[in-house]
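In what follows, a single structure is set out as structure tokens and then discussed.
Side chains are part of it too, since the values below use all heavy atoms of this structure and drop only hydrogens, waters and symmetry mates. In what follows, chains carry the letters A, B, and so on, assigned in the order in which the sequence lines appear, proteins first and then strands, with residues in each chain numbered from 1.
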Amino acid sequence: MNDRSLRKKDKILRRYEYKEIYSKGKKISVEGLFIVYIFKRDNGPPRMGITVTKKIGGAVVRNRIKRIFREVFRLNKGSIIEGIDIVIIARKGLEKVGYMAIEESFLKALEKERLC
RNA sequence: GGAGUAGAUUAGGUAAUCGCUCCUUGAUAAGAUCGAGGGGAGGAAAGUCCGGACUCCACAGAGCAGGGUGCUCCGUAACACGGAGUGUUCCGGCCUGACUAUGGUACGGAAUAAGGAAAGUGCCACAGAAAAUACACAGUCCUGACUUUUACUAAGUCGGGAUAACGGUGAAAAGGCGAGGUAAGAGCUCACCAGUCCUGCUGGUGACAGCAGGAGCUAGGUAAACCCCACCCGGAGCAAGACCAAAUAGGAAGGCGUUUGAGGGCUGCUCGUCCGAUGCCUUCGGGUUAGGUCGCUUGAUCCUGAUAGCAAUAUCAGGACCAGAUGAAUGACUACCAUUCUAUCGGGCGUGAGCCCUUUAGAAGACAGAAUCCGGCUUAUUAUCUGUUCCGGUG
RNA sequence: GUCCCCAUCGUCUAGCCUGGUCCAGGACACUGCCCUUUCACGGCGGCAGCGGGGGUUCGAAUCCCCCUGGGGACG
């Protein structure tokens with residue numbers, strides 16, 4: 001329960017995995033800031049992937065968004081139920097929002113879906 | 001104090017908690033986890049504008065086409081880059097001059113894609129008589145015929161001839177000024193000045209500069225228009241390329257060919273050369289469109305010192321090892337300190353604009369993220385310092 | 001990451017190569033008037049643009065350079 005690491009097995013790495021989640025997962029829009037895809041696998045730990053396109057900003061902005069989401073997922077993944085894949089797609093305007101606001105929105109969305 | 005310009009340095013630090021990636025090493029149930037130690041973004045990593053290294057195509061060849069560069073010398077692996085100079089243009093200062101203008105300048109600064117326009121072709125709108133063979137027109141001058149007045153002469157009309165001083169428009173008008181000369185004029189001739197070309201001498205490696213003599217009297221601009229000249233360039237790019245594993249298919253039709261040569265060698269064409277045989281090409285159908293390892297970081301590398309050189313840079317000596325990720329790591333948060341700015345309490349210095357120390361509060365901390373690696377250029381951007389030019393203030 | 005291409009009224013485009021006659025032409029859209037009982041169609045008119053900066057040139061939408069913003073290809 002104290003596991004707060006974030007390794008490769010906790011991340012979605014392959015393009016075909018992303019494609020599967022896009023086509024079969026549930027799509028939720030969160031406050032106009034980002035989109036969450038949720039897909040129930042059979043077993044295993046919860047995993048996450050993040051997509052930030054070049055339309056959002058430069059490499060610095062995109063790296064910062066991905067780091068914030070990784071941090072949020074890392075600190076909260078102990079309370080998320082098993083076998084869940086989450087993919088987040090950032091939308092324009094997210095680069096202006098801070099860490100606290102993103103964490104709050106993310107947890108609210110998960111609670112609404114009763115995933116934690 | 002402000003603005004411009006040139007250059008140098010810098011790109012906040014420390015600690016605590018949680019976390020990521022790579023390397024070394026230890027343990028175990030041996031490629032998975034845990035422990036220990038160490039490394040982990042930039043001056044532009046960016047734009048991808050040039051130049052290389054490296055890899056493959058053939059051992060990288062020739063010609064044409066195409067592309068690029070364009071003052072000189074040096075530097076360099078190379079460059080369109082850098083350094084030192086030359087010329088031209090502009091600005092300022094100074095001199096000439098009655099201010100302006102003009103001209104000069106051994107001074108200071110800035111810009112400079114700066115070969116050729118007396119090889120050729122094209123273009124030069126509008127305006128203007130004319131935009132490049134000064135053809136024509138207007139004007140001026142000489143002259144023939146006719147008309148009017150008629151003593152000469154003057155005026156007008158129609159012709160012939162001469163001319164480029166005169167036409168004030170334009171971005172640009174065919175050397176300038178004076179004298180002679182002439183019917184009127186003209187570099188037609190002459191003196192001076194400016195400019196062009198040729199020859200010689202001197203200085204310099206050279207661009208070029210200076211001096212002397214001569215020629216012709218004059219040559220518009222545009223080559224970031226075509227072009228000519230000189231020099232350079234083979235093509236693709238680490239998604240290059242090599243290996244491993246897995247999966248599917250070993251299909252049908254047509255064509256060409258086996259030493260007399262199909263086809264291929266990754267921008268075009270030709271030549272030459274090489275490879276080349278149940279092989280190659282085209283179409284249709286089917287399958288894969290999920291990988292892994294190497295390349296992958298020790299290099300035109302960085303730091304210090306010496307020597308050569310005005311400098312860019314080079315050589316030598318000693319030392320150092322400094323990211324290798326791949327849905328892509330170097331982060332999150334807290335505290336303190338330091339920096340800058342604004343306001344403010346108090347004190348000191350100075351004639352003064354102001355400066356220095358200090359208390360408290362608030363704000364700011366930019367541009368931006370390696371993806372094969374280097375050398376440049378360009379663009380974005382924080383803070384400080386120094387040199388220099390101009391403007392302003394105080395004394 | 002590497003290599004390419006494009007940018008003109010609100011939209012689609014012509015002009016660019018070969019600079020001037022272009023204060024940039026056309027179509028659709030918008031808008032005013034006429035026509036019609038009214039709408040549509042038609043006729044006449046109006047509005048509105050060379051992505052930004054610098055250079056070459058007497059003169060730049062056009063030629064050259066640098067930025068900005070879009071788009072594409074490659075295992």
Partner of B:A8 under the Watson-Crick or G-U wobble criteria, both distances under 3.5 Å, comes out as B:U384

Could you label the plane-to-plane angle of the A:Phe34 and A:Phe69 rings as parallel, tilted or perpendicular, counting under 30° as parallel and over 60° as perpendicular? perpendicular

Separation of the P atoms in C:C6 and C:G10, to the nearest angstrom: 23 Å

Mind checking side-chain contact (heavy atoms from CB on, under 4.5 Å) for A:Arg64 and listing every partner two or more places apart, or none if nothing turns up? A:Ile68

C1' gap between B:A246 and B:A240, integer Å: 25 Å

Rounded P spacing from B:C192 to B:C201 in Å: 27 Å

Please name the nucleotide paired to B:C152 by Watson-Crick or G-U wobble geometry with both distances under 3.5 Å, or report none. none

With sequence neighbours left out, write down each residue that passes ring pair (Phe, Tyr, Trp, His ring centres under 6.0 Å) with A:Phe39, or none if nothing qualifies. none

Between the protein and nucleotides 328-333 of chain B, which nitrogen or oxygen pairs are less than 3.5 angstrom apart?
from   : atom 1 : to      : atom 2 : distance (Å)
B:U330 : OP2    : A:Arg67 : NE     : 3.0
B:U330 : OP2    : A:Arg67 : NH2    : 3.1
B:A332 : OP1    : A:Arg64 : NH1    : 2.9

Just verifying a value: how many Å separate A:Arg47 CZ and A:Ile21 CD1, rounded to the nearest 0.5 Å? 6.5 Å

Specify the glycosidic conformation (syn or anti) of B:A41, with syn defined as within 90° of 0. syn

For B:G257 and B:C284, measure between their C1' atoms and round to the nearest Å. 24 Å

Could you check which nucleotide pairs with B:A368 in any of the strands shown, counting Watson-Crick or G-U wobble with both distances under 3.5 Å? none

Any strand is fair game: report the nucleotide pairing with B:G108 by Watson-Crick or G-U wobble, both distances under 3.5 Å, or none. B:C91

Spatial distance of atom CD1 (A:Ile102) from atom CD1 (A:Ile65) [nearest 0.5 Å]: 6.5 Å

Mind calculating the distance between CZ (A:Arg62) and C1' (B:A370) to the nearest angstrom? 14 Å

In whole angstrom, what separates A:Asp10's CG from B:U33's P? 10 Å

For C:A40, does the O4'-C1'-N9-C4 or O4'-C1'-N1-C2 angle fall within 90° of 0, making it syn, or is it anti? anti

According to side-chain contact (heavy atoms from CB on, under 4.5 Å), who are the partners of A:Ile35, at least two apart in sequence or on a separate chain? A:Lys27, A:Tyr37, A:Ile89, A:Arg91

With a 3.5 Å limit on both atom pairs, tell me what B:A118 is paired to, counting Watson-Crick and G-U wobble, or say none. none

Please figure out whether A:Ala59 or A:Thr51 has its closest RNA chain B nucleotide nearer the 5' end. A:Thr51

Can you sort out the partners of A:Glu103 under salt bridge (charged side-chain N to carboxylate O under 4.0 Å, His left out), two or more places apart, ordered by chain and number? none

Quick one: salt bridge (charged side-chain N to carboxylate O under 4.0 Å, His left out) partners of A:Lys26, sequence neighbours excluded? A:Glu113

Which base sits across from B:G234 as a Watson-Crick or G-U pair, both distances under 3.5 Å? B:C57

For B:C321, measure the glycosidic angle (O4'-C1'-N9-C4 for a purine, O4'-C1'-N1-C2 for a pyrimidine) and name it syn if it falls within 90° of 0, otherwise anti. anti

C1' spacing across the pair B:U222 / C:C58, given as an integer number of angstrom: 11 Å

Spacing of the P atoms in B:G178 and B:C166 (rounded, Å): 12 Å

Hunt down the Watson-Crick or G-U wobble partner of B:G167, both distances under 3.5 Å, from any strand shown, or write none. B:C137

Nearest-nucleotide 5' precedence on RNA chain B, A:Val87 against A:Val61: A:Val87

I'd like the C1' distance from C:G69 over to B:A44, given in whole Å. 22 Å

Tell me the partner of B:G257, counting only Watson-Crick (N1-N3 plus N6-O4 or O6-N4) or G-U wobble (N1-O2 and O6-N3) with both under 3.5 Å; none if nothing fits. none

Decide, for B:G187, between syn and anti: a glycosidic angle within 90° of 0 counts as syn, anything else as anti. syn

With rounding to the nearest 0.5 angstrom, report the CG to CD1 distance, A:Leu33 to A:Ile88. 12.0 Å

With syn defined as a glycosidic angle within 90° of 0 and anti as everything else, classify B:G37. anti

Between B:C64 and B:C59 - C1' atom distance, rounded Å: 24 Å

